[in-house]
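In this text the structure is predicted, and so the values were computed from the model without any measurement.
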Amino acid sequence: MEALRDAIRGASGLGFNSRGGPLVEAIINATNSKAARNYGPGRLEEGQIVTVNFFTEKMDYSTEKLRKIRCPVKLIHCSEDIAYPLHHTEELLQRLVDAGVDVELEAVSDAPHFGTVTNAMEINSLLHDFLMKQTTSNVPLPSEEVTSPYEAMLVAEGWSPDHENESSDEDDLVFDTRSLVS
């Protein structure tokens, strides 16, 4: 099980570019017990499939399959992603364009692979704006705050939502939607 914990720590190093902090540690701690259950003794092959083979054996979708996409697509690239440098996203962008898909690309500066965690406010705003651009109907106003369904689990693993022990570059798991309402 020590090897599994090392693998999780290594994956988090890749996903967060070795940035630490209480939120990242809580994510690692929460992942350890689930990984032990899902990929422990007798299930190591499944663990390799979802962690290693996912990267090393990935296959591109054919242009024929990409042509079946019937809705606009927003690609968001995290500029500091070690696993997928910008050229990977640009290649996908071009393949989607070639397939006739309405697609746009936006890069988020200083965001690692797991930018949805480290740069949540910026990425959520990009997604919100994109989705609002796609609708013509009236959309109800969001709640003033939306709390992550994972907050209780992460608190149980040592994370503090009041930021007492966090570094200044970590975002809260509460998304303040007031900035999105015009």
From [X] atom [atom1] to [Y] atom [atom2], the distance as rounded to the nearest 0.5 Å:
X: Leu92; Y: His77; atom1: CG; atom2: NE2; answer: 11.5 Å
X: Thr31; Y: Arg9; atom1: OG1; atom2: CZ; answer: 10.5 Å
X: Asn17; Y: Cys78; atom1: CG; atom2: SG; answer: 9.5 Å
X: Glu80; Y: Asn119; atom1: CD; atom2: CG; answer: 10.0 Å
X: Glu25; Y: Leu23; atom1: CD; atom2: CG; answer: 10.0 Å
X: Asn32; Y: Glu157; atom1: CG; atom2: CD; answer: 8.5 Å

So if you build clusters from Ile, Leu, Val, Met, Phe, Trp, Tyr with side-chain heavy-atom gaps below 4.5 Å, do [X] and [Y] land together?
X: Val101; Y: Leu75; answer: yes
X: Val117; Y: Tyr150; answer: yes
X: Ile82; Y: Leu86; answer: no
X: Leu44; Y: Ile8; answer: no
X: Val155; Y: Met153; answer: yes

Heavy-atom closest contact (Arg5 atom, Glu2 atom, distance):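 Nearest heavy atoms, Arg5 then Glu2: NH2-OE1, 2.8 Å.
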Heavy-atom pair with the smallest gap, counting every atom of Pro112 and Gly15: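 Answer, listing the atom of Pro112 first, then Gly15: CB-O, 3.4 Å.
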With sequence neighbours excluded, residues passing salt bridge (charged side-chain N to carboxylate O under 4.0 Å, His left out) with [X]:
X: Asp6; result: none
X: Glu57; result: none
X: Lys58; result: Asp60
X: Arg67; result: none

Chi angles and distances behind the side-chain contact (heavy atoms from CB on, under 4.5 Å) call for Val97, Gln94: CA-CA 5 Å; Val97 167; Gln94 190 57 55; 4.0 Å; yes
Residue list, side chain to side chain contact (heavy atoms under 4.5 Å, CB included) with Arg43, at least two apart or on another chain: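 For Arg43, the residues satisfying side chain to side chain contact (heavy atoms under 4.5 Å, CB included) (neighbours in sequence not counted) are Glu46.
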Pairwise ring-ring contact (aromatic ring centres under 6.0 Å, His included) hits with a residue in residues 1-26, at least two apart: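 Checked against ring-ring contact (aromatic ring centres under 6.0 Å, His included) - neighbours excluded - the pairs reaching residues 1-26 are Phe16-Phe114.
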Could you identify which residues cluster with [X], counting Ile, Leu, Val, Met, Phe, Trp and Tyr as linked when any side-chain heavy atoms lie under 4.5 Å apart, either directly or through a chain of such contacts?
X: Val139; value: Met132
X: Leu131; value: Phe130
X: Leu127; value: Ile76, Val108, Ile123, Leu126

Residue pairs fulfilling salt bridge (Lys or Arg N to Asp or Glu O under 4.0 Å) with at least one residue in residues 95-110, sequence neighbours excluded: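 Listed by first then second residue: Arg19-Asp110, Lys74-Glu104, Lys74-Glu106, Glu104-Lys133.
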Tyr39: partners by ring pair (Phe, Tyr, Trp, His ring centres under 6.0 Å), with sequence neighbours left out: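 Not a single residue meets the ring pair (Phe, Tyr, Trp, His ring centres under 6.0 Å) criterion with Tyr39.
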Listed partners of His113 passing ring pair (Phe, Tyr, Trp, His ring centres under 6.0 Å), at least two apart: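 With sequence neighbours excluded, His113 shows a ring pair (Phe, Tyr, Trp, His ring centres under 6.0 Å) to Tyr84, given in chain and number order.
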